[in-house]
Amino acid sequence: MSMRLDHTHDVTARSWLASANDDETPFPLQNLPFGVFRRAGTAEAFRGGVALGDRVIDLSAVIEAGGFSGLAAQAAHACKQPTLNGFFGMGADAWRALRHALFALFKAQDGRERSGPGIDALEQCLVPQADAEYGLPAQIGDYTDFYTSIDHARNIVKLLRPDGTLSPNFQWMPVAYHGRVSSIGVAGQQVRRPYGQRLATGGRIPEVGPCTRLDYELELGIFIGVGNGQGTRIPVSSAEEYVFGLCLLNDWSARDIQAWESVPLGPFLAKNFATTLSPWIVTMDALAPYRAAWTRSSDDPQPLPYLLTPEMSAYGAIDIQLEVALETANHRRNRMPPTRLSRTSFCQQYWTVAQMVAHHTVGGCNLRSGDLLGSGTISGPTREEAGALIELTQAGHSPIRLPTGETRSFLDDGDVVVMTGWCERPGYARIGFGENRGEILPAKWD
Ligand code: MN
C-alpha cells in the first residue's frame with residue numbers, strides 16, 4: 001500500500017487552466033483521473049483522457065503536440081486505444097511517469113520558462129467535459145463483487161433472513177460472488193426494470209413479473225492494473241501495486257428476485273441486469289494523502305497472516321467520502337436538485353482493497369489487466385450511512401419522504417440515482433470522483 005507522497009500532492013500547486021483551481025471542481029491538478037472519451041455525437045474513436053477542471057485532456061492530442069518523452073510517452077501511446085487495458089498492464093512506474101508528465105505540463109509555472117509545448121498548443125488538446133461522452137475505461141474480462149461492509153451485512157441479514165445471523169466466514173475473509181460483465185455500463189446508463197421470479201411472503205408458487213423492490217448499492221469499483229499468473233498469488237504486502245485505481249460503482253439490485261433465488265447459490269438475476277460505473281478512475285497515487293488507520297475491534301477475530309501486514313493498521317484504509325442522492329421525475333419537473341439519501345465513508349469497511357486482492361488470488365486465481373472488483377455495499381453503523389434503500393427504508397417498512405412530496409420504499413420508473421465521492425484532508429487538495437448517474441426505465445416484456 002502506498003503512502004508515497006510527492007510534489008504532485010502539493011496543495012499549493014495551481015494549474016494555468018482556471019477551472020482546475022476552482023474550489024468546487026472534483027478534478028484539480030492533484031487528481032488527474034483516467035477514462036476514455038470522445039466528442040459526444042461524433043463517430044470519433046474512444047480514446048484515453050484525463051479529467052482536469054471542466055476539461056478532458058486528450059492524451060492523443062498531447063502526443064501530437066510533442067508533450068511527452070520517455071516512459072511517459074510510451075504510457076500515453078498505450079492510452080490511444082479505446083480501452084486502457086494495455087496502459088494498465090504497463091505497471092505503476094508507467095502510470096506514475098504519465099501522471100508526473102501531465103502535472104508538469106498543466107501546472108502554472110510562476111513566470112518561469114516551461115519546456116515542451118506552450119500553453120496555446122496545450123489548450124488545443126482540451127475538450128470541454130460538457131461536450132464529451134464516455135466509454136467503459138477497460139475491456140473488463142471478469143467482475144467480482146465483494147461483500148465487505150459489516151454494517152451492511154448485519155442489516156441485510158436481519159432484513160432478508162429474519163432468523164439469520166451473520167455467517168461466521170464474514171469476519172475471516174472478504175467474501176464475494178463472481179458477477180456479470182456484459183451488462184456493466186458507464187454513468188448515464190439507462191437501466192430497464194428487470195423481470196424475474198419472486199415468491200410472495202407465505203406463498204408456495206412463485207410468479208414471474210417486473211421487479212417490485214428495485215434498489216441500488218453504493219460501492220467502489222477497483223480496477224486491476226497488473227495481473228498475476230495462474231497458480232501464483234498476490235501477497236497482501238504488495239497487492240496495491242497491482243491496482244490501477246478506484247471508481248464509483250452502482251450494483252443495481254432486485255431485492256424481491258434476490259430473496260427467492262439466492263439460497264443456496266447467491267446472486268443471479270437479482271444482479272445481472274446492470275451495473276453502472278463512473279467514467280473516471282482515480283489512481284492509487286492520487287489517493288495516497290487520504291489513507292487512514294485500519295482498525296479491527298479486539299472482540300473480533302484478527303485476520304489470518306496472509307491478510308495482514310505491519311502497515312495495515314497504520315494506513316490500510318482510505319477515507320473516501322461517499323454520497324447517494326435521488327432525482328425523481330418530479331425533481332426534474334420542479335427544477336429541484338437531487339435529494340441526498342445518505343452519506344458514509346469507505347474507511348469503515350471491514351476489509352481493505354489489499355485484502356480483497358490477496359484473498360482473491362490466494363488459491364491461484366489469475367487476475368488480468370482491466371478486471372473489476374466491487375467493494376460491496378458501503379454502509380456505516382447508523383441509518384443515515386446506509387448504502388442501499390433496503391437498509392434506509394427497513395425493507396420498505398419506513399419509506400423515505402422526499403421534498404417533492406413523494407415517498408420511496410424502493411426505486412420508481414424515471415428515478416435517477418446519483419452517487420458522488422471525494423477525499424479531503426487538511427493540508428491536501430480536495431479531489432473527487434465526479435458523478436455516477438443511472439436512470440430506471442419502465443419494465444418491458446416485448
Ligand atoms: Mn453488491
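Just so it is clear, the structure is predicted and the values come from calculations on it, not from any experiment. Counting begins at 1 with the first residue of the sequence. Counting convention: from 1, in listed order, for ligands and their atoms alike.
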Per side chain to side chain donor-acceptor pair (under 3.5 Å), Tyr350 is matched among Asp300, Thr148, Asp151 by Asp300
For the metal site, I want the angle between atom OE2 of Glu219 and atom OE1 of Glu217 with the Mn ion (ligand 1) at the apex, to 10°.
90°
Salt bridge (Lys or Arg N to Asp or Glu O under 4.0 Å) assessment of Arg343 paired with Glu384
CA-CA 7 Å; Arg343 179 165 166 192; Glu384 298 69 36; over 6 Å; no
Examine distances only and state if a side-chain atom of Thr361 and a backbone atom of Val357 form a donor-acceptor pair shorter than 3.5 Å.
yes
Side-chain (Asp256) to main-chain (Thr212) donor-acceptor, under 3.5 angstrom:
yes
Name of the Asp145 atom (N/O/S only) found closest to the Mn ion (ligand 1)
OD2
Atom name of the N, O or S atom of Asp251 nearest to the Mn ion (ligand 1) is OD2
